[in-house]
Amino acid sequence: MRISVVGTGYLGAVHAVCMAHLGHEVSAYDTDAAKIDRLASGASPFYEPGFEEMLAEVLTTGRLHFTHDPKEAVSGAAVHFVCVGTPQSPGSNAADVRYVNSAVAMIAEHADSPGLVVGKSTVPVGTAQRLSDELAGTAASDLLELSWNPEFLREGKAIEDTLHPDRLIFGVTSEHAEKTLQQVYSRLIEAGTPHLTTDLATAEMVKVAANSFLATKISFINAMAEVCELVNADVVTLGRALGYDERIGRKFLNAGLGFGGGCLPKDIRAFSARAGELGASDSLTFLHEVDKINVRRREKAVTVAGAMLGGDCLGKNVAVLGAAFKPNSDDVRDSPALNVAAALHLKGADVRVHDPRAISNAKAIFPTLTYCETVEDACRNVDLIVLATEWDEYCAIDPVAFRSLVRQPRLLDTRNAIDRDYWVGAGWSVYALGRGAMAPTTKAE
Ligand SMILES: NC(=O)c1ccc[n+]([C@@H]2O[C@H](COP(=O)([O-])OP(=O)(O)OC[C@H]3O[C@@H](n4cnc5c(N)ncnc54)[C@H](O)[C@@H]3O)[C@@H](O)[C@H]2O)c1
């Protein structure tokens, strides 16, 4: 099938590459010309495991083409995927849908053959119907039909999630649209991927409801962490114990620094804002609490770090390990790790940040922090290490070797990622969020 992909960020670039991998002829367009050039040369504008390899593979087949020309991207395509950003609006919690509006308008302007416009961006409920109505009033009304096919991929596992999704949701208004989407995803459907056909609003709801549920689960265990710390209970054991209950499930019950990134925070805020517009604010007031609990984890980490430094950050050296909002990504949008690093810097600490992949993105947002090439450089002579993103390489740090590197053997594990007993056995004072402080069982040299 001939497919156009509009918007080649984390979602669109992965989608374009995976569609070409599945055998479609794909033409991808983005308003960011530098991004298109990078992708066309086989280089990824972001870090995503396995992405560059698959990009190289599909570029050699000739099935994937990147273009600066919107007309060239859209012309002759039977399906147009809309993958542009829907960030939080400046000055409000609502989603900024202007990029989606202009992408759909652009497709309507250039379409020259019958096609299905397929929204993948996460949008406020009701957007798809509005866009569908607007399309009906354009010159392309005879050619184009709109549907919504929300995306659930996780950064760090984006390829796997696109090629082996948990489910496919087809929000459509006609049998023809449903059949077209079944054709696009025929290989995944043949492989047994569950697929549900819905109306437009339900498809939009599936995405925002799923993200709300996941955010709630994370904030639930973090709320439990707040209580655990007051009664000297252990939130890690609590999460494990709860997870054995099949009705609850183990996933997303890891207490720590909370969620961040380009999706969950802005999606729950946008959903609440939309509920307000619809007169249903009461239904989603809990999401405000979910958000507050999440933000409190960052504040808690900064408070604990200050206490571990003797109540005064000024003049103290602190290593913050991690800048990305989660491991296996270079995405620093609303990153809890970077927030903590910046807050400690503001309190007067000399903060050295390390991240295996996200340093250049972090520098663009917080240029005044010190960035280090190696974990050792970041940790040399510090008074405190803050483990803020659970990259494997941080979890594998040898506390015995690192004890001679630092000025004070103190670790704040905000992700409950390290073997705490091993570290305290090696002479470290460890504070794990939701588990409290543990003094070293051997003396620091
Ligand atoms: N990143 C994820 O993990 C993920 C997962 C599921 C859903 N989503 C949703 O997918 C959407 C995109 O997210 P993202 O993370 O890829 O964002 P992103 O910021 O990485 O990419 C968005 C891209 O859209 C481009 N763009 C903006 N307006 C355009 C236009 N009119 N025409 C062509 N290109 C245009 C931008 O230049 C940018 O490259 C959002 O709605 C997001 O909530 C993202």
Side-chain angles (χ1 to χ4, degrees), residues 4-18 27-39 44-49 51 66-74 80-89 94-110 117-125 127-128 131 148-162 165-169 203-204 206-208 210-212 214-215 259-271 274 324-326 328-335 361 364:
S4 81
V5 172
V6 180
T8 57
Y10 285 91
L11 161 61
V14 170
H15 193 68
V17 162
C18 288
S27 190
Y29 163 76
D30 197 291
T31 43
D32 182 341
K35 202 174 268 187
I36 287 294
D37 289 341
R38 234 181 122 69
L39 286 161
S44 175
F46 48 78
Y47 174 69
E48 180 61 43
F51 174 73
F66 292 97
T67 175
H68 295 149
D69 180 358
K71 186 167 177 48
E72 191 190 342
V74 166
H80 308 276
F81 280 108
V82 177
C83 301
V84 300
T86 48
Q88 191 171 329
S89 295
D96 184 350
V97 291
R98 84 180 91 161
Y99 307 103
V100 173
N101 295 344
S102 66
V104 173
M106 181 280 281
I107 293 165
E109 185 188 340
H110 296 298
V117 179
V118 185
K120 288 200 82 64
S121 304
T122 305
V123 290
V125 183
T127 305
L131 290 167
W148 220 262
N149 166 224
E151 179 57 57
F152 303 95
L153 68 78
R154 295 161 294 177
E155 285 174 25
K157 295 188 172 144
I159 302 272
E160 168 73 12
D161 286 349
T162 306
D166 291 336
R167 76 298 212 185
L168 291 162
I169 304 298
E204 294 168 316
V206 175
K207 176 63 189 178
V208 287
N211 273 1
S212 299
L214 295 174
F259 55 83
C263 290
L264 286 192
K266 61 108 178 153
D267 286 351
I268 62 166
R269 288 173 195 159
F271 192 23
R274 183 64 183 137
F325 84 98
K326 68 172 182 179
N328 298 318
S329 172
D330 65 352
D331 197 345
V332 297
R333 292 178 286 186
D334 201 0
S335 165
N361 285 345

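Counting convention: from 1, in listed order, for ligands and their atoms alike.
- Without hydrogens or angle criteria, Ser212 side chain to Val208 main chain gives a donor-acceptor distance under 3.5 Å.
- Among all non-hydrogen protein atoms, the one lying nearest atom 17 (O) of ligand 1 is Arg333 NH1, 3.6 Å.
- Of all atoms in ligand 1, numbered sequentially from 1 with element shown, those under 4.0 Å from a heavy atom of Gly85 are 12 (C), 22 (C), 24 (O).
- Closest to atom 25 (C) of ligand 1, if we only count protein heavy atoms, is Asp30 OD2, 3.2 Å.
- In this structure a side-chain-to-backbone donor-acceptor pair under 3.5 Å is present from Glu204 to Thr127.
- Contacts of Lys35 with ligand 1, taken as heavy-atom pairs under 4.0 Å, involve the side chain alone.
- When the heavy-atom distances from atom 26 (N) of ligand 1 to Thr31, Leu11, Thr122, Val14 are ranked, the shortest goes to Thr31.
- Contact atoms of ligand 1 toward Gly7: 24 (O), 33 (C), 34 (N) (distance under 4.0 Å to a heavy atom of the residue).
- At a heavy-atom distance under 4.0 Å, no atom of Lys120 approaches ligand 1.
- Distances from ligand 1 to the non-hydrogen atoms of Arg154 include no value under 4.0 Å.
- By the criterion of a heavy-atom distance under 4.0 Å, the side chain of Lys266, and not its backbone, is placed next to ligand 1.
- With a 4.5 Å cut-off on side-chain heavy atoms, Tyr10 and Arg333 count as touching.
- Only the side chain of Cys263 comes within contact range of ligand 1, with a heavy atom under 4.0 Å; no backbone atom does.
- Within the 4.5 Å cutoff, the side chain of Thr86 has heavy atoms near those of the Lys266 side chain.
- Of the N and O atoms on the side chains of His68 and Asp37, at least one donor lies less than 3.5 Å from an acceptor on the other residue.
- In terms of protein heavy-atom proximity, atom 24 (O) of ligand 1 is closest to Val84 CA, 3.5 Å.
- At the shortest separation from atom 31 (N) of ligand 1 among protein heavy atoms lies Ser102 OG, 3.2 Å.
- Atom 40 (C) of ligand 1 has its nearest heavy-atom neighbour, among Thr86, Asn101, Asp32, in Thr86.
- The closest side-chain heavy-atom distance from Glu72 to Tyr29 is not below 4.5 Å.
- Of the protein's non-hydrogen atoms, the one nearest atom 21 (O) of ligand 1 is Gly9 CA, 3.2 Å.
- Taking the six-membered ring where the residue is Trp, the centroids of Phe46 and Phe51 are separated by under 6.0 Å.
- In the vicinity of Tyr29, heavy-atom distances shorter than 4.0 Å reach the ligand 1 atoms 32 (N), 33 (C).
- Of the charged side-chain nitrogens involved, at least one lies within less than 4.0 Å of a carboxylate oxygen, so that Asp96 and Arg98 count as a salt-bridged pair.
- The main-chain N or O of Ala158 is found under 3.5 Å from a side-chain atom of Glu48 such that the two form a donor-acceptor pair.
- Side chains of Ser335 and Lys326: a donor-acceptor N/O pair is absent below 3.5 angstrom, by distance only.
- With ligand atoms numbered from 1 in the order given, ligand 1 contributes 1 (N), 2 (C), 3 (O) to contacts under 4.0 Å with heavy atoms of Glu155.
- Taking every heavy atom of Cys83 and a limit of under 4.0 angstrom, the matching atoms of ligand 1 come to 12 (C).
- Under a 3.5 Å cut-off, the side chain of Asn149 and the backbone N or O of Ile169 do form a donor-acceptor pair.
- The nearest non-hydrogen atom to atom 5 (C) of ligand 1, considering only Leu153, Asp267, Val6, comes from Leu153.
- The nearest heavy-atom contact from the protein to atom 6 (C) of ligand 1 is Glu151 O, 3.3 Å.
- Within the 4.5 Å cutoff, side-chain heavy atoms of Val82 are placed close to those of Val84.
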